[in-house]
Amino acid sequence: MPPPGEIARQQCIRPACGAAYDLKSVHQRCGRCGALLDVAYDWERAPVPDRLGLFDERRGTSREPLDYSGVWRFRELLPFAEPGKVLTIGEGQTQLRRSDGVAAYVGLKPGCLFLQYEGLNPSGSFKDNGMTGAFTHANMVGARYAACASTGNTSASLALFAGVSGLLRAIVFVGSGKIAYGKLSQALDYGAATLQIAGDFDDAMRQVQEVCLQTNLYLMNSLNPFRLEGQKAIMYRVLEGLGWEAPDWVVVPGGNLGNSSAFGKAFAELHHLGLIPRIPRVAIINSTGADTLHRLVNQAGVRWNGGDVDDAAIKAFYAQMDAEKRKARTIASAIEINRPVNLEKALRTLEVTNGVVRAVPDEAILDAKAMVGRHGFGCEPASAASVAGARLLREQGVIGPSERVACILTGHLLKDPHATVGYHSYDEARLREEFGQFGVAGARHANRPIPVADDIEAILRVIRGL
Ligand code: F0G
């Protein structure tokens, strides 16, 4: 195989620009036009298997770290890593699970709904898929310090990779009071310098980009195209879980829009390589409290348009948002983002996959989350946006009852115990008081804890009444 530097480069996503940069240089954006960058490959020179089934041989081979990783066992599909530079902590050992219980809730026939459970990653979210990609690149360029802004999971993942590998010192920027306790506890426990910015994610994201430009901090947010290379593997594992047959739909929550961007790239490449005959449709789901993509696509009509994006419409949208002082506000704190940095790549995904965008209210997210908990492995609120979104798309007739749908559960249930315990245990008044600000008025699927006296008769009475 030729050295990675000969087949991989960084490249501007706008075809009209197309500026290319060396694999081992570090950029936030295209130096020529300011657009996002991709990792691009000369596939003709890369040895790619001629069918996906060949990857089966590596599955479950746990002694070889690159085969154990749910990302690097697909290494031929992200061939940028220099030998010996891959940094893996055993990410991506996740599962695709059929759930007929959640299928019934969504309105799909038995056997049609699958949950891709990314909460099983070492830091409890899908971010580890991307972090192994970015850490590998950081290792290739000799980075000593790295930073990210985060709604919690990126910071947890960065902190964990830094702690386990010892490669670099992690500095994380989080909105003060904005991230769930499970995630904050991870950043602190794993030893990252944790900067609580007096603002929200969008503020922290703006600051971290500026800080990285002014210093030599390596940026670990999904602006970093090597993060997204790793996140492509989530789609490889969905295909693997379905015996290498593409589902009809992939439904994914949309926050900073890194995942949706990576999924579109993965499918475009697999299709280009002749490894899948048909590209699944990708549905990206916002919360109604943080719905920039939904508004831009479904109300302002903004499209990727072959790379000729209506920049003026996007600029005007943000100017109005600022004029109205509109801030993202959702109980799904992981996706509480109004200025998604990967917006253009997500638009590209929508075009490549014939995708759709929807926004779902927080009450629907929490209801869906309770159903995932009851029938699946449980997830944090943002993840359940995928299930709530699939349900909405079924109601609207966009998804058919017999279509095969994979919902991506992005983060573990235990990330945000406050949302879960509140949903199940608050009485109506407390629910309104705490969650009313997010438009949540009821908890349809609450499983209330039962108070009972320290008395055997009382306990037995309760149990007999169940
Ligand atoms: N679900 C979870 C659990 C997340 O943590 C995130 C993003 C998303 C969905 C949205 O994914 O950004 O790729 O569209 N969390 C980031 C963070 C922003 O900082 O942890 P996306």
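Throughout, residue positions are numbered sequentially from 1 according to the sequence presented. Remember, it's 1-based here, ligands and their atoms both numbered in the order they're listed.
Checked by distance only, ligand 1 and Leu257 come closer than 3.5 Å through their nitrogen or oxygen atoms. By the 3.5 Å distance cut-off applied to N or O atoms, Thr151 is counted among the residues near ligand 1. Considering backbone and side-chain N/O atoms, Gly411 never comes within less than 3.5 Å of an N/O atom of ligand 1. Considering backbone and side-chain N/O of Asn256, one or more are found under 3.5 Å from N/O of ligand 1.
Note that CG of Leu228 is 10.5 Å distant from CG of Leu257, once rounded to the nearest 0.5 Å.
Closest to atom 5 (O) of ligand 1, if we only count protein heavy atoms, is Asn153 ND2, 2.8 Å. Ranking protein heavy atoms by distance to atom 6 (C) of ligand 1, first place goes to Phe126 CE2, 3.7 Å. What sits closest to atom 4 (C) of ligand 1 on the protein, heavy atoms only, is Ala334 CB, 3.4 Å. With respect to atom 13 (O) of ligand 1, the closest heavy atom belonging to the protein is Asn259 N, 2.8 Å. Protein heavy atom at the shortest distance from atom 20 (O) of ligand 1 is Thr154 N, 2.8 Å. Taking atom 15 (N) of ligand 1 as the reference point, the nearest protein heavy-atom neighbour is Lys127 NZ, 2.9 Å.
Between Trp244 and Phe74, the two ring planes are perpendicular [angle over 60°; tilted spans 30° to 60°]. Taking the six-membered ring where tryptophan is involved, the planes of Phe80 and His137 are perpendicular, since the angle between them exceeds 60° and thus also 30°.
Proximity to Ile335 (heavy-atom distance under 4.0 Å) selects the following atoms of ligand 1: 8 (C), 9 (C), 10 (C). Taking every non-hydrogen atom of Thr410 and a distance limit under 4.0 Å, the qualifying atoms of ligand 1 come out as 1 (N), 2 (C), 3 (C), 9 (C). Against a heavy-atom cut-off of under 4.0 Å, Ser150 is close to the following atoms of ligand 1: 17 (C), 19 (O), 20 (O). Counting the atoms of ligand 1 from 1 in the order shown, those under 4.0 Å from a heavy atom of Glu380 are 3 (C).
Heavy atoms of Ile337 come nearer than 4.0 angstrom to ligand 1 in at least one pair. Under a 4.0 angstrom heavy-atom cut-off, Gly254 registers as being in contact with ligand 1.
No side-chain donor-acceptor contact under 3.5 Å links Asn286 and Thr292. A side-chain N or O of Lys369 and one of Thr420 form a donor-acceptor pair less than 3.5 Å apart.
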(message) Run the side chain to side chain contact (heavy atoms under 4.5 Å, CB included) test on Arg75 and Val86 for me, step by step, so that the C-alpha distance in whole Å, both residues' side-chain angles and the decisive distance to 0.1 Å come before the verdict.
(response) CA-CA 10 Å; Arg75 51 195 168 271; Val86 172; over 6 Å; no

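Counting non-hydrogen atoms of neighbouring residues, nucleotides and ligands closer than 6.0 angstrom, the CD atom of Gln320 reaches no more than 12 such neighbours. Counted within 6.0 Å of CZ on Arg326, heavy atoms from surrounding residues, nucleotides or ligands total more than 12; the atom is thus considered enclosed.
Less than 6.0 angstrom separates the ring centroid of His445 from the ring centroid of Tyr105.
With Tyr117 as the aromatic partner, Arg97 does not meet the cation-pi criteria of under 6.0 angstrom to the ring centre and within 45 degrees of the ring axis.
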